[in-house]
Amino acid sequence: MRAKGELKKISVIPQIILLCVLAVLLLMVFFPLIMTLIKSVKTPTQDTYKPFELTFPFCWENYSIAWLYVSPLISNSLFIAIMDTIGSLILASVTAYGFTRFKFPGREIIFMAIISLMMIPGSLTMIPKYIMIRDFGLINKYFGVILPGMIAGLPFRLLLLRTFFNGVPNDLFEAAEIDGANHLHQFFHIMIPMCIPILATICMNNFLQSWNELLWPRLILLDENLQTIPIGLASFTQNYQTITGGTMGAPLAGYIIVSIPLVILFAFTSKQFVRGLTSGAFKM
Amino acid sequence: MKSNKEASFEMDDMALMRKRSAAMRRRRTYWGYLWILPAIVGLLLFNYYPPIVAVIKSFTEWNGVNFTEFIWFRNYKEILTDPIFWKGIKNVVILTAFQILIGSVFADIILAELIFNLKSEKASKFFRFAFLIPVLVPGMVGMLVWTKIILTSSPTGFLNYFIGIFGIEPRPWLGSKDTALISLMIMGFPWIGGSQFLIYLAGLYNIPASCVEASKLDGITAVKRIIYIDLPYLLGQVKYFVTLGFISGIQGFGVQMMITGGGPDYATTVPGYYMYNEAFGYSNYGYACAVGMILFVIIFVMTIINKVFLKTTEDKM
């Protein structure tokens, strides 16, 4: 922290300028969203004559139309993101536990072999992976999106988790072993509770990644009833514009609706969220 | 205080326990394989097998179902002589360089510096949360809002309205091959927000107070302080974002897949989209695998250069 006492002597004017600059930047960042909000309550006529200002009365009908389209998208996306996140966390932490608490032959070699997978970019694996998922009959199955997602990011998650798992003092496990606790017990009652911060970080990043994923849902979930938010929004916008001759009211209302779930989630977890994102895990 | 005798007894006890637990651990050591087994199976299937197939299939003509014929380097030759591929390389270099330099280094460091220099704890907290909120909005919403409201080609698009104030004629933005690439760069203006600035901010708070004090006593300007004190301290984070931004940028094609389709007239195409299109548009799976291999080689070589280069700069410091 910079010395506060000394700074106080400086006049308040630079601080006010600073605040103003930040406020303007914030406004610019939020401008597209504000515009969406304003335009989402316009009828097509209002949009043509006064495209950028608030117009009355508000056309709430846009929201009821949009809700019909986007509510299944939200539940699909939530289901996939939650299953993907839970699956990833369990798989990564179980594996990391195996690598930290057991000293089996070939441990470091296997670990390096897994970590070196991070060198292989997704573009190289994309096509054979797609063919494989298709041949497994997982097209139009949620599992076809969740399973590869769980495994693709595993090397990175494993690297993070093993570092943190190694930091848990060994005495805790020895004490538990003397009390007769088996490894399953040690895993759930010592390792997991001790590593909640890093698990929360991985959880958040994983969820956001799954929530925003474009490629796999688009390739695998072809059935319209299974589509996720990003894919469904694009086709909703296109279809609606084609049918109505270019109006945007309902799609824009849809954009606002799909943005709400995570904002609500954030309201409850903001502290953990910020701590997770700023923890030292994310630098080299 | 414990008596000597008691203490030594305790020591013996502890040693015994350690020995026992060590023995216990040794006995159970092979159980480790069981803990890592699910991951190994999954990785073999989804992370080891596909790249091997990709390498092999890149030398073939493959329709993805039942036809495979080895044609060796013909795919590579065709790709490397295809002007559209080179157009894609040019585009992706421009886009990635812009995204990294402006998006994840310049803009976010500026934002972190601004917030860092706020004196009021309340204001700093408010801005930290406020600038984070864009992360929560699905990326697709951002893309759609920019294309459908701001970069619309009609005069009612916001950007056309805005430049109209200054008497500039409306432009087609994403609809014209001259402005499409620039439009992709404009998307997301002012390119700040998200979580990266928080990581820079955390880095700034880690700078030792003595460093800052000394700089103040010397009376250096804010700009000099940022360049000579703050930036060197943020080098780790910058490296992280540059590496990650490069790897994801060079193979990314989200906007192309969802919005532009690489057009108009290949103005926004990138190698990743070129590959996607060859595979899922024309079923040229072997050809697409070869594009994937070329991307892999580019990323691999650049990562190594990056490692070597950044190491030498570190040594100099």
Seminar exercise, completed: Pair count under 4.5 Å, heavy atoms only, with chain A: among B:Gly42, B:Gly272, B:Pro38, B:Ala279, highest is B:Gly42

Exercise. B:Tyr33 and A:Arg107: side-chain donor and acceptor closer than 3.5 Å?
Worked result: no

Exercise. Chain B: which of A:Gly98, A:Ala92, A:Pro261, A:Pro128 shares the most heavy-atom pairs with it under 4.5 Å?
Worked result: A:Pro128

Problem set entry | Nearest non-hydrogen partners of B:Phe253 and A:Met126, listed with the distance | CZ-SD, 4.0 Å

Exercise. If you count heavy-atom pairs under 4.5 Å with chain A, which of B:Phe300, B:Phe189, B:Phe126, B:Tyr161 comes out on top?
Worked result: B:Tyr161

Seminar exercise, completed: So, the part of A:Val263 with a heavy atom under 4.5 Å from chain B: the answer is both

Exercise. Nearest 0.5 Å, what's the CD1-CG distance between A:Ile114 and B:Asn47?
Worked result: 9.5 Å

For this session: Could you look at A:Leu25 and say if it's the side chain, the backbone, both or neither that has a heavy atom under 4.5 Å from chain B?
Result: both

For this session: Could you have a look at A:Ile260, A:Leu215, A:Val258, A:Ile133 and say which one has the most heavy-atom pairs with chain B under 4.5 angstrom?
Result: A:Leu215

Exercise. Measuring heavy-atom distances to chain B, does A:Ile151 have an atom under 4.5 Å in its side chain, in its backbone, in both, or in neither?
Worked result: both

Exercise. From A:Thr95 OG1 over to B:Ile40 CD1, what is the distance, rounded to the nearest 0.5 angstrom?
Worked result: 7.5 Å

For this session: Search all heavy atoms of A:Met35 against all heavy atoms of B:Ile149 and return the closest pair with its distance.
Result: CG-CG2, 3.9 Å

For this session: Name the option with the most non-hydrogen atom pairs under 4.5 Å to chain B; the candidates are A:Ala96, A:Ala113, A:Gly254, A:Pro251.
Result: A:Ala113

Problem set entry | Trace of the side chain to side chain contact (heavy atoms under 4.5 Å, CB included) decision for A:Ile131 with B:Trp62 | CA-CA 11 Å; A:Ile131 301 283; B:Trp62 180 35; 3.6 Å; yes

Seminar exercise, completed: dist A:Leu18:CG -> B:Ser120:OG (nearest 0.5 Å) comes out at 10.5 Å

Problem set entry | Residue selection (most heavy-atom pairs with chain B, distance under 4.5 Å) from A:Phe173, A:Trp211, A:Tyr97, A:Phe187 | A:Tyr97

Exercise. Is it the backbone or the side chain of B:Phe46 that comes under 4.5 Å from a heavy atom of chain A, or both, or neither?
Worked result: both

Exercise. Taking it one step at a time, do B:Ile192 and A:Met28 satisfy side chain to side chain contact (heavy atoms under 4.5 Å, CB included)?
Worked result: CA-CA 10 Å; B:Ile192 53 178; A:Met28 291 204 290; over 6 Å; no

Exercise. Any side-chain heavy atom of B:Leu43 within less than 4.5 Å of one from A:Pro155?
Worked result: yes

Problem set entry | Residue pair B:Ala54 / A:Leu124: nearest heavy atoms and the distance that separates them | CB-O, 3.2 Å

For this session: Using a cut-off of 6.0 Å, state whether more than 12 heavy atoms not belonging to B:Phe162 lie near its atom CZ.
Result: no

For this session: Measure from the side-chain N and O atoms of A:Asn212 to the backbone N and O of B:Gly139, and report whether any donor-acceptor pair falls under 3.5 Å.
Result: yes

Problem set entry | Close side-chain approach of B:Leu34 to A:Phe104, heavy-atom, < 4.5 Å | no

Exercise. Atom OG1 in A:Thr125, atom OH in B:Tyr49: separation rounded to 0.5 Å?
Worked result: 13.5 Å

For this session: Let me know if B:Val65 has heavy atoms under 4.5 Å from chain A in its side chain, its backbone, both or neither.
Result: both

Exercise. What are the two closest heavy atoms between A:Pro230 and B:Met140, and how far apart are they?
Worked result: O-CG, 3.3 Å

Exercise. Within the distance-only criterion (no hydrogens, no angle test), does the side chain of B:Gln251 pair as donor or acceptor with the backbone N or O of A:Pro121 below 3.5 angstrom?
Worked result: no

Exercise. Which answer fits A:Leu252, side chain, backbone, both or neither, if we ask what part of it has an atom under 4.5 Å from a heavy atom of chain B?
Worked result: side chain

For this session: Measure the spacing between CD1 of B:Ile36 and CD1 of A:Ile110 and express it to the nearest 0.5 Å.
Result: 4.5 Å

Exercise. Should A:Leu219 and B:Tyr276 be marked as a side chain to side chain contact (heavy atoms under 4.5 Å, CB included) after you check the CA-CA gap, both sets of side-chain angles, and the distance that decides it?
Worked result: CA-CA 10 Å; A:Leu219 288 179; B:Tyr276 170 87; 3.9 Å; yes

Exercise. Is the closest side-chain heavy-atom distance between B:Ile133 and A:Phe30 below 4.5 Å?
Worked result: yes

Seminar exercise, completed: Rounded to the nearest 0.5 Å, the CH2 atom of B:Trp35 sits from the OG atom of A:Ser93 at a distance of 9.0 Å

Seminar exercise, completed: Okay, B:Ile150 and chain A: the region with an atom under 4.5 Å from a heavy atom over there is side chain

Exercise. Which pair of non-hydrogen atoms, one from B:Leu45 and one from A:Phe136, has the smallest distance, and what is that distance?
Worked result: CD2-CE1, 4.0 Å

Exercise. Measuring heavy-atom distances to chain B, does A:Leu184 have an atom under 4.5 Å in its side chain, in its backbone, in both, or in neither?
Worked result: both

Problem set entry | Worked verdict on A:Phe102 versus B:Tyr30 for side chain to side chain contact (heavy atoms under 4.5 Å, CB included) | CA-CA 7 Å; A:Phe102 298 91; B:Tyr30 287 94; over 6 Å; no

Exercise. Of the listed residues (A:Gln241, A:Arg218, A:Lys39), which shares the most heavy-atom pairs with chain B below a 4.5 Å separation?
Worked result: A:Arg218

Exercise. Strictly under 6.0 Å, is that where the ring centroids of B:Phe158 and A:Phe31 end up?
Worked result: yes

Problem set entry | Heavy-atom contact with chain B under 4.5 Å, split by part of A:Met132 | side chain

Exercise. Of all of B:Leu114, B:Val53, B:Ile250, which one pairs up most often with chain A through heavy atoms under 4.5 Å apart?
Worked result: B:Leu114

Problem set entry | Residue part contacting chain B, namely of A:Leu91, when any heavy atom lies under 4.5 Å | side chain

Problem set entry | Contact winner vs chain B - A:Leu265, A:Leu26, A:Leu214, heavy-atom pairs under 4.5 Å | A:Leu26

Seminar exercise, completed: A:Met119 and B:Phe296 have their tightest heavy-atom pair at O-CE1, 3.7 Å

Problem set entry | Which portion of B:Ala123 sits near chain A, non-hydrogen atoms under 4.5 angstrom | side chain

For this session: May I ask you to name which of B:Val137, B:Leu118, B:Val141, B:Ile247 has the most heavy-atom pairs under 4.5 Å with chain A?
Result: B:Leu118

